[in-house]
Structures are given as C-alpha cells and as structure tokens.
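Heads up, the thing below is written out as structure tokens.
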Amino acid sequence: MKREILKILACLKCRSYLRLESENETRGRILKGKLYCPKCKSGAEIVDEIIYFRNFKKNYKRLRVSFEKEASKEWLKHFPGQELIALRKEWDWMIGKLILGQSKIHLDWCTGTGRFLRKISKMFRGNVIVLERDQATCVWLKSFMEKIGKYSKVSIICADARNMPIRSNSIDSASSWHGLDEPNIKNAINESKRV
C-alpha cells in the first residue's frame, strides 16, 4: 500500500484512525506490517502490500486463467460486436460522470477482474484504492496491475464494500462496475457515499 493512504484508513468497528506498526517500507510503499486501532484493539494485516481486513484461505488456481485472459485482452473476442459496442458505451458513460483528472484519491470497489480499472487507470493523476472482498482476487489484481504497468498509483484493500475501512469524506471519486451484483447493494452504495 502507498504510505500516503494511511491517513484515510479507519477502524471497521469504531471508525478511529489506525496506527501502523512492524512496517517494512520501500519507496513510499508499505510491504508488510500491522494496522491496529488504539481505541478498540481491532486491526488489519499488510502482506505483500495488500491490506487484509478479512481472512481467507489461499486458493489462487481458479483465478489464474481468468487473469491471464484479462492481461492479454483475450476476453474481447468473446463479445459479439454489438455487445462490445454496448460495453464501451457503458464505460464511456461512467467515465464521463467521474472527475478522474482532478481526483487525488479514487476508489474502485468490487473491482472484479480489473477490466474497468484498466480502462480508467490511464486517466488518474492521484492514487487509486481498489477494494475487493476476495483475497485471491486481490492478489491477482496486484499481479495484473503490475503486468500492465499501472500498479504504481494503486493500493489494494481486502475488505467488504458494505463496511469500508475508509474515513468519511476522504475519497474524491468512486466507481464500481461489478458492484451492482453485490448482495445488499444498498449498504455498499451508502458506504460509497459516506467515504
């Protein structure tokens, strides 16, 4: 994670600031460490630059094929012409609603395989926070963004979009292309508005 996003992270339980301990840092990126709340003693772990507010078993094999297809844009050939045109119009509409060039911090929640993130990552001037609830997806998103050369602006958080570990009013813009499939979408949208 980029050190500068530490100031916007919040405890999931009480929304207090989190403190960083046991850090291992290189060029402004925290590679490993622990975040904890001095007020309620809850926290998160940073492993290989990813902040984990959730614990999962490691099961990366199921995503390997999917991410390899994403990186090579092989998935494009599976969209019929009209469907691809509709998809691009949808993305253009969403991008038109965002103020990406002026955002200091942009949140992309429920990022999925990173198709939309890849599209918009060229337009950012500031930092991008990716929030995804699945550990395997977080690991592969990091790998994917590194492979396409867009990881330098990105910090990845493994957490639930319905309870974001982010301080209120700290994000300049937000997007979610896959998030509309979320269970209890209203909670995730309300969290997006809060942050």
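We use all heavy atoms of the structure for the numbers below, so side chains are in, but hydrogens, waters and symmetry mates are not. Computed from a predicted structure; not experimentally measured.
- Evaluation of the side-chain hydrogen bond (donor to acceptor under 3.5 Å, both in side chains) rule for Lys2 yields Asn127 as partners, not counting sequence neighbours.
- Closest approach of Leu31 and Thr26 over heavy atoms only: CD1-OG1, 3.4 Å.
- The line from CG of Asp160 to CZ of Arg133 is 6.5 Å long, rounded to the nearest 0.5 Å.
- A search for side-chain contact (heavy atoms from CB on, under 4.5 Å) contacts involving Lys39 returns Cys14, Ser16, Cys37, not counting sequence neighbours.
- By the salt bridge (Lys or Arg N to Asp or Glu O under 4.0 Å) test, Glu25 pairs with Arg3, sequence neighbours left out.
- In terms of the side-chain hydrogen bond (donor to acceptor under 3.5 Å, both in side chains) criterion, residue partners of Tyr151 (sequence neighbours excluded) are, by chain and number, Arg29, Glu49.
- Listed by chain and number, the residues in a side-chain hydrogen bond (donor to acceptor under 3.5 Å, both in side chains) with Arg15 are Asn163, Glu191 (sequence neighbours excluded).
- Under the side-chain hydrogen bond (donor to acceptor under 3.5 Å, both in side chains) criterion, Ser143 pairs with no residue at all, not counting sequence neighbours.
- Residues forming a salt bridge (Lys or Arg N to Asp or Glu O under 4.0 Å) with Asp48 (at least two apart in sequence, or on another chain): Lys142.
- Checked against side-chain contact (heavy atoms from CB on, under 4.5 Å), Ala174 has the following partners two or more places apart in sequence or in another chain: Leu107, Ser192.
- For the residue pair Phe144 and Gly114, the shortest heavy atom distance occurs at CE2-O, 3.7 Å.
- Remark: Lys13 pairs with Cys11, Cys40, Ser42 by the side-chain contact (heavy atoms from CB on, under 4.5 Å) rule, at least two apart or across chains.
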